[in-house]
Structures are given as C-alpha cells and as structure tokens.
K.L.:
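Here it is, the structure in full.
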Amino acid sequence: MSLPASARLRRARFAVAALFFTNGALFANLIPRYPQIKADLGLSNAIYGLSVAAFPTGAIAAGLAAGVLVRRFGSATVATAGTLLTAAGVLLAGVAPSVVLFAAVLFLAGAMDAITDVAQNAHGLRVQREYRRSIINSFHAIWSIGAVTGGAMAAAAIALDVPRSLHLSISGALFVLIAFAAHRFCLPGPETTSPGAANPLAASPEAPNPGTVSPGAVASEAARPEAASAGAAGPGFAAGVRAAAGPRIWLIVGALVLIAMGGTLVEDAGNSWAAVYLSGSLNAAAAVAAWGYIALVGAQFAGRLIGDRLVDRFGQRTVARAGGVIVAAGMGLALAVPTVPGTILGFAAAGFGVATLVPAAMHEADELPGLRPGTGLTVVSWLMRLGFLLSPPVVGAVADATSLRAGLLVVPFAGVLVILLAGVLQPRRTQTSTRPQTPATPQNGATPQNGATTQDGVTIQETATAQGTAPTH
C-alpha cells in the first residue's frame with residue numbers, strides 16, 4: 001500500500017519535475033536554430049550531419065562518468081550543475097563562428113546532458129521509492145512539456161528576429177535559475193536506498209523458480225528492516241551479492257539497454273524522418289508534414305501522463321508488451337498502406353507505445369540487486385544513446401539504397417524487439433503474505449518444500465547460495 005506523501009516529498013517531487021522541465025527545454029531552444037546555423041557556417045549536408053552527431057557522441061563518451069559523480073556529489077547537485085553546463089554548451093553552439101567550434105561545444109553539451117539525465121532520473125527514482133508507487137513516467141511527461149516549451153520559445157524568437165546570442169542567453173539563464181531554485185527542495189543525504197529497499201535474495205511473487213534471482217527480484221519498500229539487518233551480518237550476504245551481480249544480472253542490463261534503445265529508435269525516427277517522409281515520399285505540404293513529429297511527441301506525452309497509473313495497475317512488463325504491439329501494429333500498418341493521415345496516426349501510435357519504455361528500463365536498472373547505487377541506471381542511460389547515434393545513418397543508408405519507407409521499418413522492428421525482451425521487466429507487484437504457520441520441516445536451517453522460509457508470517461524466497469535476506473545495494 002502507498003503511504004501519504006509528506007510536504008517534504010511533495011516539494012521534492014516538484015523539484016525533480018522542474019529539473020526534467022529545464023532539461024527538456026534547454027536543447028529544444030537550439031534545435032529550431034539549426035537551419036540558420038547551417039546556413040551561416042556554409043555547411044554541406046554531410047558536414048552538417050557529422051557536426052550534429054557530436055551531441056550524442058559526447059553523451060556516449062561522458063555517460064559512464066555520471067554514476068561516479070552521483071555517488072560522490074549527490075544526484076541533485078550533479079543534475080543542477082549539469083544543467084548549468086548544458087546551458088553554456090547550447091549558448092556556445094548557437095554563436096560558434098566555425099564548424100570545428102560548433103561540433104566541439106555540441107560534444108560538450110551532449111556530455112553534460114547525459115550526466116544531467118542520469119542524475120535527474122536517479123533523484124526521481126529516490127523520490128519514487130519514498131512514494132512507494134510509480135511516478136517516474138510523470139517526470140518524463142514534464143520533460144516532454146519542457147521540449148515543447150523550448151521549441152515554442154525558439155519559434156517565437158525566430159519570428160521576432162531575436163539574435164541567437166540574446167535568445168539563447170535569456171533561455172539559458174532562465175532555466176538555470178529554475179534548476180538552482182529546485183535544488184534546495186530536493187531530497188538531502190547520500191544516494192543510498194533505505195533498509196530493505198532492494199534485496200537480491202527476495203524473489204518477485206511471480207518468480208518462476210525459487211533458488212534463482214528473477215529480473216524483478218526486488219523487495220518492496222515495506223520489507224522488514226529487521227530481516228535485512230539480520231541477513232547483512234550473516235555469511236550469505238557477500239555470496240548473495242556476488243551471485244546477484246554475476247553474468248545473469250549483466251544479461252538483464254543488456255536486455256534493458258535494448259528495450260531503452262527501442263524507445264530511442266522510435267523517437268529518433270519521429271525527430272529526424274517524420275516530416276521528410278511525409279513531405280518527400282507522400283507529397284504532403286510542409287505544414288501538414290510537421291504533424292508527423294507533433295503527433296509522435298504529443299502521443300508520447302499523453303502516454304506518459306497515464307503511464308504511472310497503468311504501471312501500478314498492470315506492471316511494467318504488461319505495459320511494455322502492449323506498447324510494443326501498438327508500435328509494431330500502428331506503424332507497420334501505416335507503412336503497409338501509405339497515406340498521409342494514416343502515417344500521422346502511425347507516428348502517434350509509435351509515440352504512445354514507447355512512452356514508458358525509457359523510464360521503465362531506467363527504473364529496472366536502478367533497482368537491480370548487487371550493483372552499486374547508480375551503476376545500472378548509468379549503463380542503461382549511456383548505452384541507450386547508441387540508438388540516437390546509429391539510427392540516422394542506418395535509416396539514411398537504407399533509404400538511399402531502397403526507399404525511406406523501407407528505412408522506417410526500423411520503427412515496427414523496435415516494437416517487436418520490445419515485445420520479445422519485456423520479460424525482464426517486473427510484473428504487476430502484489431503483496432504476498434501468509435498467516436503464521438508451523439513449517440512442515442524443522443525450522444533450524446530448513447526450508448519448506450517450495451524453497452521459501454517463513455519469518456513472522458511473511459514468505460521470503462531464498463536463493464540456493466545464501467541463508468536469510470540480504471541488505472541493500
């Protein structure tokens with residue numbers, strides 16, 4: 001059962017939402033300025049494409065540093081400082097006098113954006129753990145609002161003929177001030193989970209086999225602290241953590257990366273190719289072609305608004321699989337029967353279907369047992385950006401060889417990929433308990449036939465390598 005949120009938690013949730021908003025708005029102020037920058041620097045399409053690829057390259061290069069920084073300085077501090085440095089990179093990119101400097105500051109901005117992204121998600125997950133219900137999707141919905149706001153600000157600045165330097169200085173200063181104001185209301189303390197928050201030996205109620213650590217084998221916040229402390233002192237603790245952090249956990253991390261990449265592949269298809277496909281292949285007017293991207297991000301925003309309620313009711317696994325079906329069927333039908341209205345609806349279906357994928361992968365990675373705080377989240381956030389880096393050249397190469405319609409098959413492919421891998425996500429959480437009863441076997445060191453022990457009436461699954469419960473990671 002969820003606990004009532006205190007005023008402190010409500011303020012912290014509002015603060016994290018503000019950080020997500022600023023992160024979405026900052027770079028969105030620069031994207032509509034790209035055509036002007038390209039023209040001012042006299043860039044060819046090839047050089048321009050390589051230059052803007054510096055942003056995801058910087059994100060990949062710096063992404064792994066985020067976990068270390070979060071553990072050293074705290075997620076809220078890192079997110080706030082990252083916002084300041086991202087704003088500086090965006091401003092410098094907007095006024096760069098040469099292509100070399102343009103690419104260099106985009107690399108910096110991408111690196112800072114990746115670190116900020118990990119830190120704000122880490123803090124959002126801290127707040128979610130105290131809420132004891134899913135709220136992470138609402139933060140990503142706020143990010144979408146920020147992106148729309150930033151794009152609208154840039155469009156207004158262009159319409160009013162505001163110089164790039166003035167526009168990006170004002171927008172950067174505004175969002176940095178918001179981030180610093182939000183910082184004071186974030187949760188204090190180190191990046192650690194509360195006792196019993198994560199238990200590498202506690203199996204999900206739907207875990208198929210006792211004696212193994214299931215992908216969703218994370219105990220709820222309501223787990224008994226005394227049970228965790230008892231296991232912490234026992235010899236099974238170290239063995240349990242070593243077992244949990246072994247190859248199986250890293251295979252799960254790999255699956256989570258691919259799920260997150262499925263989301264990024266769909267997002268990039270909308271960002272980079274929706275308008276091009278509608279205006280080029282389907283001969284839609286430019287104003288109509290813009291609705292491919294608008295439909296995708298609008299539907300994604302709607303999906304994130306209701307995503308937390310769906311996850312709480314049905315579980316991450318079911319929601320992700322249903323989303324994969326919507327992506328594959330919606331965009332697959334749009335590509336099979338190409339029409340302008342159908343394609344716009346197809347992009348909307350794709351955006352709605354992937355709405356919860358990146359938050360789900362980040363949440364699951366952050367809760368994996370046996371990993372240091374921030375490690376799983378950092379790896380997933382880092383590697384998922386490969387989707388943004390690889391998707392444009394892959395789709396472009398396929399489009400040049402055959403057609404853009406064929407290149408966009410990457411979207412339904414991403415939906416199928418999610419359907420196949422969603423099993424690593426958690427099912428719907430239920431509270432499992434039993435009335436105190438006399439075990440059928442002796443209590444000292446023995447376990448019931450199904451591999452579980454009972455402790456004060458609570459059924460606790462154990463692995464074959466450890467006794468008792470294990471502490472937090």
K.L.:
If I compare all heavy atoms of Arg321 with all of Ala422, which pair ends up nearest, and what's the gap?
P.N.:
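Closest approach of Arg321 to Ala422: CG-CB, 3.3 Å.
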K.L.:
Determine, stepwise, if the pair Leu19 / Cys186 fulfils side-chain contact (heavy atoms from CB on, under 4.5 Å).
P.N.:
CA-CA 10 Å; Leu19 291 173; Cys186 291; 4.2 Å; yes
K.L.:
Do Met384 and Asp117 have side chains that approach each other closer than 4.5 Å (heavy atoms only, starting at C-beta)?
P.N.:
yes
K.L.:
I want to check something: taking the side chain as every heavy atom from C-beta on, are Met261 and Thr264 in contact at a cut-off of under 4.5 Å?
P.N.:
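With C-beta onward as the side chain, the pair touches.
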K.L.:
Calculate, to the nearest 0.5 Å, the distance between atoms CG and CG belonging to Leu9 and Leu187 respectively.
P.N.:
6.0 Å
K.L.:
Do Val266 and Val327 come close enough that some side-chain heavy atom pair is under 4.5 Å?
P.N.:
yes
K.L.:
Going from OH on Tyr277 to CG on Leu404, what distance comes out if it is rounded to the nearest 0.5 angstrom?
P.N.:
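Nearest 0.5 Å value for the OH-CG distance: 7.0 Å.
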K.L.:
When you compare the side chain of Leu91 with that of Leu30, does any pair of heavy atoms fall below 4.5 Å?
P.N.:
no
K.L.:
Verify side-chain contact (heavy atoms from CB on, under 4.5 Å) between Val424 and Ile259, making sure each step is shown before the conclusion.
P.N.:
CA-CA 10 Å; Val424 301; Ile259 289 173; 3.8 Å; yes
K.L.:
Only one of Thr116, Asp113, Asn121 clears side-chain hydrogen bond (donor to acceptor under 3.5 Å, both in side chains) with Asn23; which?
P.N.:
Asp113
K.L.:
What is the minimum heavy-atom distance between His167 and Ala157, and which atoms define it?
P.N.:
CG-CB, 3.7 Å
K.L.:
Which atom names give the shortest non-hydrogen contact between Ala182 and Ala15, and what distance separates them?
P.N.:
O-CB, 3.2 Å
K.L.:
In Å, rounded to the nearest 0.5 Å, how long is the span from OG1 of Thr80 to CD1 of Ile178?
P.N.:
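The OG1 atom of Thr80 sits 12.0 Å away from the CD1 atom of Ile178.
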K.L.:
For a quick check under 3.5 Å, do Ser75 and Arg126 share a side-chain donor-acceptor pair by atom type?
P.N.:
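No - no donor-acceptor pair under 3.5 Å links their side chains.
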K.L.:
Short question: side chain of Ser138, backbone of Ile135 - any donor-acceptor pair under 3.5 Å?
P.N.:
yes
K.L.:
Testing the basics here: between Leu425 and Leu256, what is the closest heavy-atom pair and its distance to 0.1 Å?
P.N.:
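Reported closest heavy-atom pair: CD2-CD2, 3.6 Å.
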K.L.:
Are the side chain of Glu364 and the backbone of Gln426 linked by a donor-acceptor contact shorter than 3.5 Å?
P.N.:
yes
K.L.:
Look up atom CD1 in Ile142 and atom OG1 in Thr22, then write down how far apart they are to the nearest 0.5 Å.
P.N.:
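With rounding to 0.5 Å, CD1 (Ile142) is 11.5 Å from OG1 (Thr22).
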K.L.:
Side-chain contact, heavy-atom cut-off 4.5 Å: Phe347 with Met331?
P.N.:
yes
K.L.:
Do you know the tightest heavy-atom contact between Ala119 and Ala79?
P.N.:
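That would be CB-N, 3.5 Å.
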K.L.:
Do Arg164 and Ile37 come close enough that some side-chain heavy atom pair is under 4.5 Å?
P.N.:
yes
K.L.:
Run the side-chain contact (heavy atoms from CB on, under 4.5 Å) test on Arg405 and Ser281 for me, step by step, so that the C-alpha distance in whole Å, both residues' side-chain angles and the decisive distance to 0.1 Å come before the verdict.
P.N.:
CA-CA 8 Å; Arg405 179 183 174 193; Ser281 302; 5.6 Å; no
K.L.:
For the backbone of Ala355 and the side chain of His140, can you confirm whether one donor and one acceptor N or O come within less than 3.5 Å of each other?
P.N.:
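Looks like no, no N/O pair under 3.5 Å.
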K.L.:
Within this structure, what is the CZ-CZ distance for the pair Arg309 and Arg133, rounded to the nearest 0.5 Å?
P.N.:
10.0 Å
K.L.:
Is there side-chain contact between Leu84 and Met112, with at least one heavy-atom pair below 4.5 Å?
P.N.:
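A side-chain contact under 4.5 Å is absent here.
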K.L.:
Please step through side-chain contact (heavy atoms from CB on, under 4.5 Å) for the pair Phe185 and Arg13, ending with a clear verdict.
P.N.:
CA-CA 9 Å; Phe185 298 110; Arg13 182 176 183 179; over 6 Å; no
K.L.:
Roughly how far apart are Phe139 CZ and Leu125 CG, rounded to 0.5 Å?
P.N.:
8.5 Å
K.L.:
Search all heavy atoms of Phe352 against all heavy atoms of Ala302 and return the closest pair with its distance.
P.N.:
CE1-C, 4.4 Å
K.L.:
Between Phe27 and Thr86, is any pair of side-chain heavy atoms under 4.5 Å apart?
P.N.:
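SC-SC contact between Phe27 and Thr86 ruled out.
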